[in-house]
Amino acid sequence: MAYRLYLPKTWAEDVDRRDKAGVPKDVMFKTKPEIALDQIRWACESGLPGNMALLDAGYGHDSKLRTGITELGKRYVAGIQPQTLVWKPGVRRGRAPKKGRHDAPNTISVKDLALELRAKAWRTIKWREGTNEWLSSRFARVRVHVASSHECAGKPAQEWLLIEWPEGEKEPTKYWLSTLLKNITFRDLVDAAKLRWRIERDYQELKQVVGLGHYEGRGWRGFHHHATLCIAAYGFLVSERETIPPSGPRSAALFPQLALPDGYRPRGSSLAA
């Protein structure tokens, strides 16, 4: 859909480096979540299809990004960190904690909330077929209000907190926040959260198979040309892959049937003279 090379602040503010690498003058420093929100906004303005954003914990922890996606009329499933604060269920919400604070009254981390859940809250759910068997794990889900100053001050909306705690692990391993519909089934919520494996697989193949990670130049334009060609090549390969069984329909006859002469007998046949 869109991509842009992230420039650290030290790079973005270094005039000599920028000139040497050919960085356009209108490219200013932005955090990765800010770049992501710009690209999602561009996709909305361009009329591209899609109503759900999938974020790993590196992006999902950014409440500004999550709020920005909601303001664009889109839903999200966002990975978050265990220390993310939510309001304790059943208590009156107060003023949201300031950035960096983790001890605001009436709030609780999603990890502590997960550890307090009853045993019946956890369900084993299968979400897709793996190489040898169906993938499954234990999950719990709770409706929560996120304790963030970027949430709507008037009447902050509830959203899903999804937690994964695999059998045998000492504590939960993954957490997600989601603004998907309140009446979504448990399995569909898990399936949506686990869709990120496709993105990770695509990125891995882009780097290892097509060569996205092999660029050794030092120029802004050169890198973006290289990345554009890699993405175009990968898109072509994906479209071709969809035509090959089992992804695509199997043709009953891949090649034209050759006519055999009258009286033909295969070698070794008991009917051969």
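Hydrogens, waters and symmetry mates play no part in the numbers below; they use all other heavy atoms, side chains included. Predicted model only: the values in this text are computed from it and were never measured.
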**Q.** Within 6.0 Å of NZ in K174, more than 12 heavy atoms from elsewhere
**A.** no
(Q) Assigning hydrophobic clusters by single linkage (Ile, Leu, Val, Met, Phe, Trp, Tyr; side-chain heavy-atom cutoff under 4.5 Å), is I69 placed with I35? (A) no
Q) Would you call E116-K88 a salt bridge at under 4.0 Å N-O? A) no
Q | Contacts of type ring pair (Phe, Tyr, Trp, His ring centres under 6.0 Å), residue Y215, not counting sequence neighbours | A | F223, H226
Q) After noting the C-alpha distance and the side-chain angles of L7 and W220, does the key distance pass the side-chain contact (heavy atoms from CB on, under 4.5 Å) rule? A) CA-CA 10 Å; L7 287 182; W220 178 273; 3.9 Å; yes
Q) Under 3.5 Å, is there a donor-acceptor pair between the side chain of T107 and the main chain of V86? A) no
(Q) Nearest 0.5 angstrom please: K74 NZ to N51 CG, how far? (A) 4.5 Å
**Q.** Donor-acceptor under 3.5 Å (T67 side chain, K64 main chain)
**A.** no
Q. Do L189 and M52 share a hydrophobic cluster (ILVMFWY, side-chain heavy atoms under 4.5 Å, transitive)?
A. yes
Q. Considering only heavy atoms from C-beta outward, does the side chain of H61 approach that of I80 to under 4.5 Å?
A. no
Q. For R218, does the CZ atom have more than 12 heavy-atom neighbours from other residues, nucleotides or ligands under 6.0 Å away?
A. no
Q: Write down the atom of E159, the atom of S178, and the distance for their closest heavy-atom approach.
A: CB-O, 3.1 Å
Q. Atom CG of D191 and atom CH2 of W127: how far apart are they, to the nearest 0.5 Å?
A. 10.0 Å
Q: State whether the number of non-hydrogen atoms from other residues, nucleotides or ligands found under 6.0 Å of Y6 atom OH is greater than 12.
A: yes
Q | Non-hydrogen atoms of Q208 and H214 that approach each other most closely | A | O-CE1, 4.4 Å
Q: Tell me, yes or no, whether the heavy-atom count around R201 atom CZ, taken from other residues, nucleotides or ligands under 6.0 Å, exceeds 12.
A: yes
**Q.** Any side-chain heavy-atom pair of L55 and D62 under 4.5 Å
**A.** no
Q.
Do V238 and F236 land in one hydrophobic cluster if side-chain heavy atoms of ILVMFWY residues count as linked below 4.5 Å?
A. yes
Q.
If you compare all heavy atoms of V210 against all heavy atoms of A233, which two are closest, and at what distance to 0.1 Å?
A. CG1-CB, 4.0 Å
Q.
As a quick check of understanding, evaluate side-chain contact (heavy atoms from CB on, under 4.5 Å) for I184 and W160, giving each step before the final call.
A. CA-CA 10 Å; I184 189 172; W160 284 113; 3.6 Å; yes
Q: Please say whether more than 12 non-hydrogen atoms of neighbouring residues, nucleotides or ligands are located less than 6.0 Å from OH in Y203.
A: no
**Q.** Donor-acceptor contact present, side-chain D56 to main-chain Y59, <3.5 Å
**A.** yes
Q: Identify the heavy atoms of A192 and L54 that sit nearest to each other, and give their distance.
A: O-CD2, 3.5 Å
Q | Distance (rounded to the nearest 0.5 Å) between W165 CH2 and T173 OG1 | A | 10.0 Å
Q) Minimum heavy-atom separation for H224 to R4, with atom names? A) NE2-CA, 4.0 Å
Q. Is the CD atom of E200 crowded by more than 12 outside heavy atoms at less than 6.0 Å?
A. yes
**Q.** Side-chain (R75) to main-chain (L180) donor-acceptor, under 3.5 angstrom
**A.** no
Q. Going only through I, L, V, M, F, W and Y residues with side-chain contacts under 4.5 Å, is there a path from L181 to L72?
A. no
(Q) Nearest 0.5 Å, please: how far is OG in S109 from CG in L115? (A) 8.0 Å
Q) Do R18 side-chain atoms and V27 backbone N/O form a donor-acceptor pair below 3.5 Å? A) yes
Q | Over-ring placement of R128 relative to W134, 6.0 Å and 45° cut-offs | A | no
**Q.** Residues, nucleotides or ligands: over 12 heavy atoms within 6.0 Å of R118 CZ
**A.** no
Q: Find the distance between CZ (F186) and CD1 (I125) and round it off to the nearest 0.5 Å.
A: 4.0 Å
Q) Taking a hydrophobic cluster as the set of Ile, Leu, Val, Met, Phe, Trp and Tyr residues connected by side-chain heavy atoms closer than 4.5 Å, whether directly or through intermediates, do V77 and W197 fall within one such cluster? A) no
Q. When the ring planes of W176 and F139 are compared, do they come out parallel, tilted or perpendicular, using 30° and 60° as the limits?
A. tilted
Q: Indicate the atoms forming the closest heavy-atom contact of P172 with A114, along with that distance.
A: CG-CB, 3.8 Å
Q: Using atom types as modelled and distance alone, determine if a side-chain donor or acceptor of W42 lies under 3.5 Å from a backbone N or O of S46.
A: no
Q: To the nearest 0.5 Å, tell me how far R66 CZ sits from L37 CG.
A: 12.5 Å
